[in-house]
Amino acid sequence: MADKRDYYEVLGVGKDASDDDIKKAYRKLARQYHPDVNKAADAETKFKEVKEAYDVLSDGQKRSTYDQYGHIDPNQGMGGGFQGADFGGFGDIFDMFFGGGGNRRDPNAPQRGNDLQYTMTIEFKEAVFGKETDITIPRTENCDTCHGTGAKPGTKPQTCSVCHGSGQQEVVQNTPFGRMVNRRSCSNCNGTGQIIKDKCSTCGGNGKVKKQRKIHVKIPAGVDDGAQLRMTGEGEGGLRGGPSGDLYIVIRVKSHDFFEREGDDIYCEIPLTFAQAALGDEIEIPTLTEKVKLKIPAGTQTGTYFRLKGKGVPRLRGIGQGDQHVKVVVVTPSKLSEEQKELLRQFASMDGEQTHEHEQSFFDRMKRAFRGD
Ligand SMILES: [Zn+2]
Ligand SMILES: [Zn+2]
């Protein structure tokens, strides 16, 4: 679970990918990593990763759970994640060939705790300037009373007499193809290899307790939507002395009704009257930190961009900031008084060749198009 990649990333599709996109991406990658054709050492691992991602994202229910909780399955409390994803089809065959399956690990070995994912939604400007806050997450920790053993203080868990501590049982079956030996999880100890006679009363014998844990989070200035902060060791407690998992905080940034962001650059639109655009003006522009003056030259066209250097977002890694890009939009007046209309009619009657000297070629091209050239 340590470095479990995002399922969307594994398939190389966006979060809004359609079922069809997901199927296409999966087919392509499955062909690429199929261990029959790809002899690279990590092909099998890649193939399984792709298969697991597809199993989750192609199932509406699993996908929405994943979108909401990440690699955590709420049906299994805070533990589990999607390790239980169904490895049907190819997966089983390859487990046989490659001896995988992962069921044969020593049940008494220390085990790392699960990673947790927490989604945090922050304001636009909080992403720009950074934020410090406390969050409360429910997580499973080792029980303080029994130190995670699950046994009442003063007692110890006993080795399971059925599996002798291996956590595995062998089941022999006679089939038309001969004797088959299947291994499965020991039913006497549920695969733990241990039996706890006197259970710890705090945790009921499972060695773990659920706690609401407050964690201080520092969000760096310049963080963007979708960024993931990793807090080492803040995930769930490990088993039998294993290290804790990590906590991943996924940042969601709310949109702003005036500023738009693209990487470290900020975009905004400023309305101009026709008179301002034609005659030029000096206008005030809001930036993330202050108001600045911007000179609009006479004869500015609608859609023109002006750049305010260094008025963008601080760079997350590195020095300096992005820029702010101001797009001016000339707004046509919709309510005019009779006097204004009359003045505009006079203006239009004088509107000859000389007022459009710069746009001559534009008007020429249009006239030619009307003539059908
Ligand atoms: Zn057992
Ligand atoms: Zn306990």
Side-chain angles (χ1 to χ4, degrees), residues 1-2 69 71-87 91-92 95-96 98-118 135-175 179-215 231-247:
M1 286 297 286
Y69 298 99
H71 292 292
I72 297 165
D73 185 355
N75 300 324
Q76 299 177 17
M78 293 302 290
F82 277 103
Q83 300 101 312
D86 176 27
F87 284 101
D92 293 334
D95 281 355
M96 281 162 62
F98 291 91
N103 292 325
R104 258 150 261 179
R105 107 188 131 200
D106 177 2
N108 299 310
Q111 197 185 323
R112 186 180 177 277
N114 286 319
D115 291 335
L116 294 178
Q117 184 175 294
Y118 180 91
I135 57 170
T136 304
I137 55 158
R139 76 177 178 198
T140 306
E141 298 182 2
N142 282 334
C143 171
D144 287 334
T145 311
C146 61
H147 304 287
T149 64
K152 198 171 178 175
T155 70
K156 270 193 203 161
Q158 309 284 304
T159 303
C160 172
S161 58
V162 174
C163 63
H164 308 291
S166 72
Q168 301 274 326
Q169 262 178 316
E170 288 190 354
V171 180
V172 181
Q173 273 181 305
N174 288 310
T175 74
R179 264 162 70 90
M180 290 204 19
V181 180
N182 269 318
R183 278 161 166 265
R184 68 175 186 218
S185 194
C186 171
S187 54
N188 189 44
C189 61
N190 289 321
T192 61
Q194 295 182 329
I195 295 289
I196 298 165
K197 281 217 177 84
D198 295 306
K199 287 181 177 159
C200 165
S201 54
T202 310
C203 61
N206 62 23
K208 296 194 158 198
V209 283
K210 278 197 174 177
K211 283 198 176 155
Q212 296 288 329
R213 182 63 72 178
K214 198 188 240 188
I215 292 169
M231 301 191 72
T232 310
E234 295 290 5
E236 302 210 317
L239 272 182
R240 295 172 292 275
S244 294
D246 297 333
L247 169 66

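Both counts, for ligands and for their atoms, begin at 1 and track the order of listing. All values derive from a computational prediction rather than experimental measurement.
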Exercise for the section: Evaluate the side-chain proximity of Val209 to Lys211: yes if any heavy-atom separation is below 4.5 Å, no if none is. Expected result: yes
Problem - Side-chain touch Thr192/Cys160, heavy atoms, less than 4.5 angstrom - result: no
Handout entry: Arg139 bridged to Glu234 by N-O distance under 4.0 Å
Key = yes
Problem - Side chain proximity check, Glu236 to Leu116, heavy atoms < 4.5 angstrom - result: yes
Handout entry: Residue pair Pro138 / Lys210, side-chain heavy-atom distance below 4.5 Å
Key = no
Fill in the blank from the handout: Sorted by chain and number, protein N/O/S atoms nearer to the Zn ion (ligand 2) than 2.8 Å are Cys143 SG, Cys146 SG, Cys200 SG, Cys203 SG
Exercise for the section: For the residue pair Cys203 and Lys208, establish whether any side-chain heavy-atom pair is separated by less than 4.5 Å. Expected result: no
Problem - Apex the Zn ion (ligand 1) - arms SG from Cys163 and SG from Cys160 - angle rounded to 10° - result: 100°
